[in-house]
Protein chains: 2
Amino acid sequence: MAQTVKAVAELAGVSVRTLHHYDAIGLVRPGGRTEGGYRVYSQRDLERLQQVLFFKELGLGLEEIKEVLDRPGFDRRQALLDHRDLLSRRRDRLGRLIAAVERTLQSMEEGVPMEGNVMFDGFSAAEYEEEVRQRWGETAAYKESRERTKDYTAGDWDAVFTEQTAILQAIAALADRPADDPAVLAEIGRMHRFISERFYACPPQMYRGLGDLAVADERFKRTYEKLRPGLSQFMRQAVHAYCDKLEAEE
Amino acid sequence: MAQTVKAVAELAGVSVRTLHHYDAIGLVRPGGRTEGGYRVYSQRDLERLQQVLFFKELGLGLEEIKEVLDRPGFDRRQALLDHRDLLSRRRDRLGRLIAAVERTLQSMEEGVPMEGNVMFDGFSAAEYEEEVRQRWGETAAYKESRERTKDYTAGDWDAVFTEQTAILQAIAALADRPADDPAVLAEIGRMHRFISERFYACPPQMYRGLGDLAVADERFKRTYEKLRPGLSQFMRQAVHAYCDKLEAEE
DNA sequence: ACTACACCCTGACGTTGCGTGAGGGTCAAG
DNA sequence: CTTGACCCTCACGCAACGTCAGGGTGTAGT
């Protein structure tokens with residue numbers, strides 16, 4: 001039940017140093033210590049370690065894994081279900097790699113050089129990784145936003161806050177009109193540009209997702225509802241109307 | 001046919017920086033440059049890159065990959081055949097991982113905590129990696145030997161050489177006796193200790209492998225045969241006899 | 001009671017495989 | 001002749017440990 005570092009290391013197939021490291025960065029902390037200062041791992045710690053290794057297998061960084069696991073709403077069951085999916089997609093990827101090897105062998109036997117695009121079929125793991133992030137945390141957009149805002153001064157943040165509330169109040173004032181009213185769309189567009197300039201590149205598809213969050217995410221929803229009841233629903237519809245129009249124009 | 005960095009990068013799903021890096025360490029060098037100094041990749045370079053990515057997928061380090069690919073006898077066809085094997089074993093590993101996820105889910109539903117050894121089934125990639133190395137190059141023993149000998153002075157090497165030839169000549173002088181003659185076994189044992197002290201820990205099973213190399217590897221074989229015809233076969237038998245006895249004693 | 005030996009601890013520096021600018025040329029299109 | 005998309009070479013940065021060094025712990029054998 002209570003295990004020493006070495007026992008855990010062998011069990012999980014990682015090095016003792018790795019466990020030390022995970023302890024140091026607070027990713028997997030042993031439940032306790034003996035008087036001698038030895039780490040003691042409990043069953044709960046083992047479960048946590050297992051989770052960590054699952055996420056690592058999917059290519060997430062340790063810092064990210066920590067955030068995901070420590071997030072209050074983390075649902076271990078759901079995570080495992082997702083993992084099963086993602087892992088089987090990876091297995092498919094290996095299948096494609098194997099196929100690539102076989103094609104290469106064949107082209108060698110026939111003496112025909114392969115075409116470039118076929119040669120590298122199946123390698124790219126990057127696409128899978130962004131998908132994992134979409135589901136679990138640090139999307140590329142989030143990273144970009146953090147990057148762009150890291151040097152903002154207090155004054156910058158003030159400006160951001162002022163403009164944001166101004167836009168929201170303007171929209172709140174228009175919330176009795178239809179969602180695709182030109183005045184509404186104008187404000188929604190203003191918000192779109194605001195985000196793109198200040199935080200991250202935001203293509204229509206992503207802006208739609210953001211609109212959905214207005215009703216799906218409690219934090220957004222509450223902000224909007226406090227400003228005016230029903231505003232979150234209205235925002236969502238307006239954003240979609242705006243994106244429809246934007247895409248129609250192309 | 002002739003491609004720029006970016007084109008190759010996109011084709012292979014790696015970054016431009018990665019290609020720069022591979023060029024810098026001499027792993028994948030573009031066949032030529034334009035007058036402007038731009039890298040130009042040929043079909044041959046693409047094939048090399050593909051090989052590199054295959055080996056990387058198997059977990060080899062870049063330095064190791066370089067050595068393997070640059071080894072004179074490198075057989076691309078055989079390498080690809082092996083890759084196919086190893087990749088499908090990895091796919092199996094993913095299968096076991098998926099099974100582990102499913103078992104975990106089930107134990108959650110039943111509320112029974114899992115046993116440690118089952119929890120981490122399927123993770124360990126290390127075993128696969130040593131296997132890859134067995135096949136392709138830098139075994140753990142080789143690494144240890146390099147480590148231990150890196151500070152040898154010229155005098156040390158001299159001593160090594162002297163002792164080694166002394167042992168070999170003693171064995172050559174005994175090669176008309178049966179392979180399990182006590183005097184022969186004594187010399188074989190001396191050689192065993194010599195290796196263990198000077199180069200790497202060498203359990204019987206490995207020493208047997210070394211004995212097999214005496215006939216299987218051209219370089220060893222030639223050294224022995226030059227000393228006395230038939231010596232390589234004799235060495236092999238004697239080493240096995242020695243290991244038999246060693247294991248019987250336990 | 002002593003000592004050998006396997007195991008544990010905490011620093012702290014090293015390594016691999018690129019990421020990420022900085023600073024500056026190249027070249028086809030308009 | 002000027003953009004804009006690419007290209008180049010340094011050079012520093014970073015994650016996830018590996019690998020000592022220096023020293024304590026615990027228990028089995030004598």
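Below, chains carry the letters A, B, ... as their sequence lines are ordered, and counting in each starts from 1.
- Among the nucleotides dC27(C), dC7(C), dC8(D), the one closest to the side chain of E35(B) is dC27(C).
- Between Y41(A) and L19(A) there is a side-chain heavy-atom pair separated by less than 4.5 Å.
- Of all nucleotides listed (dC8(D), dG25(C), dC18(C)), dG25(C) comes nearest to the side chain of Y38(B).
- We find that OH of Y41(B) is positioned 10 Å from P of dC7(D), with the value rounded to whole Å.
- A donor-acceptor pair under 3.5 Å links the side-chain atoms of R29(A) to the main chain of D23(A), judged by distance alone.
- In terms of modelled atom types and a separation under 3.5 Å, the side chain of D45(B) and the main chain of G31(B) share a donor-acceptor contact.
- Checking the phosphate oxygens (OP1, OP2) of dC7(D), no side-chain nitrogen or oxygen of R39(B) falls inside 4.0 Å.
- The backbone N or O of I25(A) lies less than 3.5 Å from a partner atom in the side chain of K66(A), making a donor-acceptor pair.
- Only S15(B), R17(B), T18(B), H21(B), Y22(B), listed by number, bring a heavy atom of residues 15-34 of chain B to less than 4.0 angstrom from any atom of DNA chain C.
- Between the side chain of R48(A) and the backbone N or O of R44(A) there is no donor-acceptor pair closer than 3.5 Å.
- Between E63(A) atom CD and dA16(D) atom P there is a gap of 8 Å when expressed in whole angstrom units.
- With R39(A) as the partner, the side-chain contact (heavy atoms from CB on, under 4.5 Å) test is satisfied by one option alone out of K6(A), Q3(A), R33(A): R33(A).
- Candidate nucleotides dG17(C), dC8(C), dT9(D) were compared by shortest atom distance to the side chain of L62(B), and dG17(C) ranks first.
- The shortest distance between the side-chain N/O atoms of K56(A) and the OP1/OP2 oxygens of dA15(D) is not below 4.0 Å.
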